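Take a look at the structure set out below.
Note that the structure is predicted; figures quoted are calculated from it, not measured. Worth knowing before you read on, the calculation uses all heavy atoms, side chains too, and leaves out hydrogens, waters and symmetry mates. Chain A is the first sequence line, chain B the second, and so forth, proteins listed ahead of strands; every chain is numbered from 1.
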2 protein chains.
Amino acid sequence: MADTTRTSERRYGTRPTMKDVAARAGVGLKTVSRVVNGEPGVTPDTVRRVQDAIDALGFRRNDSARILRKGRTASIGLVLEDLADPFYGPLSRAVEEAARAHGALLIHGSSAEDADRERELVLALCARRVDGLIVVPASDDHRYLEPEIDAGVATVFVDRPPGRIDADVVLSDSFSGARDGVAHLIAHGHRRVGFIGDRLSIHTARERLRGYRTAMADAGLPVDERWVSLGPTDPERVRRAARAMLDGEEPVTAVFSANNRVTVTAVRELNGRARPTALVGFDDFELADLLSPGVTVIAQDAAELGRAAARRLFRRLDGVNEEPARVTLPTRLIPRGSGELPPPAGGPSRS
Amino acid sequence: MADTTRTSERRYGTRPTMKDVAARAGVGLKTVSRVVNGEPGVTPDTVRRVQDAIDALGFRRNDSARILRKGRTASIGLVLEDLADPFYGPLSRAVEEAARAHGALLIHGSSAEDADRERELVLALCARRVDGLIVVPASDDHRYLEPEIDAGVATVFVDRPPGRIDADVVLSDSFSGARDGVAHLIAHGHRRVGFIGDRLSIHTARERLRGYRTAMADAGLPVDERWVSLGPTDPERVRRAARAMLDGEEPVTAVFSANNRVTVTAVRELNGRARPTALVGFDDFELADLLSPGVTVIAQDAAELGRAAARRLFRRLDGVNEEPARVTLPTRLIPRGSGELPPPAGGPSRS
DNA sequence: CCTGGGTTTGACAACGTTGTCCAGGTTCTA
DNA sequence: TAGAACCTGGACAACGTTGTCAAACCCAGG
């Protein structure tokens, strides 16, 4: 490939600029800009000449320069815990659709539930000058975001509230959901209900535990602390927890599992046992209805979480200036069989 | 909020620049740049002064300007079909990890299996001057990408090959996988095997169909065209297809479903029937082992697809200049029960 | 043929950063 | 002590685009 010195010709790795287009079309720089952006006030004939030059050179506007000049990037950042978690699929998708509707691109990052990594990602996105941020918090202290928010980065938290700052947040009603799920088990005759949850550092985990305790208390039932297990959601820990509460001295007859990862492992453990144990899980998951018995769940609407967060975000970007608000979405109990199993006859359900 | 004229103070919606920092620290612009980028040749004392000014003003480097100046954006684009499809979760995740390891951010878009939308997204990413692109093609003509690739945008296709251009691509071995899956059914005594696939416009769909036909031919079995159903993967179409081949005159005794969406619907249909029908599905999915019977699948390694694509991409970004290559990853048959069901005794398995 | 109004066009600065290059100061060497 | 070598810091241009503003042009009406 001859390295020609004619600057207006395409060379490998060098992209033509508006200046090149202008030279080729024999017009001024600004006229090219006008054509590229569809601004009025250019003769049809000139438009055609410029268009031809654009096509001939394979010109594509450099949005970096445009962004620098205009100050707006038409992109929003989405930071969540793990892209591969099926719960976040519909949420991301909903945010993406909203972004698309507003002509914005989505920049994505997973925090892997690590506070430092969340911070690092969020600040990288701010350095890119994203117009807005949607964050599923991993950290419990978001004061580092204050200067950014002051500087005008619209920020909405979703699924969990931010720590130590006041900002928009969209949540599912974890407390009521868990309370309803546990009450459902109690209504089917259970008196000893186990709870397998996430680490207490996570807000939703705390709320769901509170829902569990409330439901038990409302029914006048005691909670044996051996029935409550909190910690990371890896299968090994969850398995051990399930075994402990099922094989102990006063075994539970039902289990409430506080998120989808826990539920899946719990199902695996319960299915292998002779004595059926009732189960209600927080979060719906695909194929829950096809298992036998079908898994009764407290479903949250992940897509709606994303939509609501995006709605809030774009309202702010459109200049609406309101106080930060908390939106709480209701959950839905979906009975499928596992939550309606009765306690073993003649078993510990006698008061 | 008083609109002070002191330009170096923070005002709402206006961010401090290096110039502001320089003024405040009493140093030159370039010195600030050096400190921000950790370049050598600045006295510790000066560094501290600059650092203080940065903290006081809440300065954060504007990456748009940096990108404009340097030409590299440290970001890569990922365009796939649907973020919410669980198959793409691990793939995205793997790409993200690789990006992170190389200090790059990930910009994300879903094509929704629409060629125009793919093109629009890809070109938007090119306008942003992403350093590289990873694309799950929805279109069958990617000539529109040629100028971009010539201009230096490293591009790797994944899961499906590009159309009408030569470029890197990472694929699962759909042909062999399907052939093995169908051979597995035949090995268990089936002679009438149905195939429910995706639209033929999709490369993997064609390959899997070819695998099916090859397995049947290799076993000397005829294929009745009523056993083959191709089309969109919505549940309604798949259900009808399954019913037709199961209730027809010469009903199939086994079904090969050519992707995860089809498999899930097929399981739903088959589970409701008295006569058990064998099933092997392409793509693994969560909980496949918990259904009864467990679903035998041809598993592809989605995460490895992503990793391999990212590896290829970053090799190119590191300057390695090779001919475009096709990488094909093997699939793995995972027997779980549904694929090992025998045909009904005394039924049509007599030759 | 000139004036006035509108339309079309282009020159120029600016966005915030980094690369180049040079000035001034310090330290070391002969 | 002079001169070289080195270190630190800053002035300036450039990246490719868009906003501002003024110049040039066109046509109709007088």
### Query
Looking across every strand, which nucleic acid part, if any, lies under 4.0 Å from Leu29(A) by heavy atom: base, sugar-phosphate, or nothing?
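Here Leu29(A) touches the bases of the nucleic acid.
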### Query
What does Asp63(B) touch in the nucleic acid at a heavy-atom separation under 4.0 angstrom: a base, only the sugar-phosphate, or nothing?
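Touches nothing.
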What's the [atom1]-[atom2] distance between [X] and [N], to the nearest Å?
{"X": "Asn37(A)", "N": "dG19(D)", "atom1": "CG", "atom2": "C1'", "result": "12 Å"}
{"X": "Lys70(B)", "N": "dT18(C)", "atom1": "NZ", "atom2": "C1'", "result": "7 Å"}
{"X": "Leu57(A)", "N": "dG16(D)", "atom1": "CG", "atom2": "P", "result": "14 Å"}
{"X": "Arg72(A)", "N": "dG16(C)", "atom1": "CZ", "atom2": "C1'", "result": "19 Å"}
{"X": "Arg49(B)", "N": "dG9(D)", "atom1": "CZ", "atom2": "C1'", "result": "11 Å"}
{"X": "Met18(B)", "N": "dA13(D)", "atom1": "CE", "atom2": "P", "result": "19 Å"}
{"X": "Ile67(B)", "N": "dT17(D)", "atom1": "CD1", "atom2": "P", "result": "15 Å"}
{"X": "Glu39(B)", "N": "dT8(D)", "atom1": "CD", "atom2": "P", "result": "13 Å"}

Between [options], which nucleotide has the shortest distance from any of its atoms to the side chain of [X]?
{"X": "Ala65(B)", "options": "dT18(C), dG16(D), dG16(C)", "result": "dG16(C)"}
{"X": "Val42(A)", "options": "dT17(C), dT18(D), dT9(C)", "result": "dT9(C)"}
{"X": "Leu68(B)", "options": "dG16(C), dA13(C), dT18(C)", "result": "dG16(C)"}
{"X": "Val27(A)", "options": "dT18(C), dG10(C), dG9(D)", "result": "dG10(C)"}

Give a yes/no on whether any side-chain N or O of [X] is located under 4.0 angstrom from OP1 or OP2 of [N].
{"X": "Arg69(B)", "N": "dA14(D)", "answer": "no"}
{"X": "Asn62(B)", "N": "dC15(C)", "answer": "no"}
{"X": "Thr17(A)", "N": "dC15(D)", "answer": "no"}
{"X": "Ser33(B)", "N": "dT18(C)", "answer": "yes"}
{"X": "Thr43(B)", "N": "dC7(D)", "answer": "no"}
{"X": "Thr46(A)", "N": "dT9(C)", "answer": "yes"}

Less than 4.0 Å between a side-chain N and a carboxylate O, is that true for [Y] and [X]?
{"X": "Asp63(B)", "Y": "Arg61(B)", "value": "yes"}
{"X": "Arg164(B)", "Y": "Glu146(B)", "value": "no"}
{"X": "Glu97(B)", "Y": "Arg93(B)", "value": "yes"}

Under the 3.5 angstrom rule, does the side chain of [X] hit a backbone N or O of [Y] as a donor-acceptor pair?
{"X": "His142(B)", "Y": "Gly163(B)", "answer": "yes"}
{"X": "Glu118(A)", "Y": "Ser111(A)", "answer": "no"}
{"X": "Asn62(A)", "Y": "Ser64(A)", "answer": "yes"}

Examine the base of [N] for any acceptor or donor lying under 3.5 Å from a partner atom in the side chain of [X], and report the outcome as yes or no.
{"X": "Lys30(B)", "N": "dG19(C)", "result": "yes"}
{"X": "Arg15(A)", "N": "dG16(D)", "result": "no"}
{"X": "Arg34(B)", "N": "dG9(D)", "result": "yes"}

### Query
Taking the nucleotide of DNA chain D with the closest heavy atom to each, which residue, Gly28(B) or Arg129(B), is nearer the 5' end?
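First, find each residue's nearest nucleotide; the 5'-ward one identifies Gly28(B).
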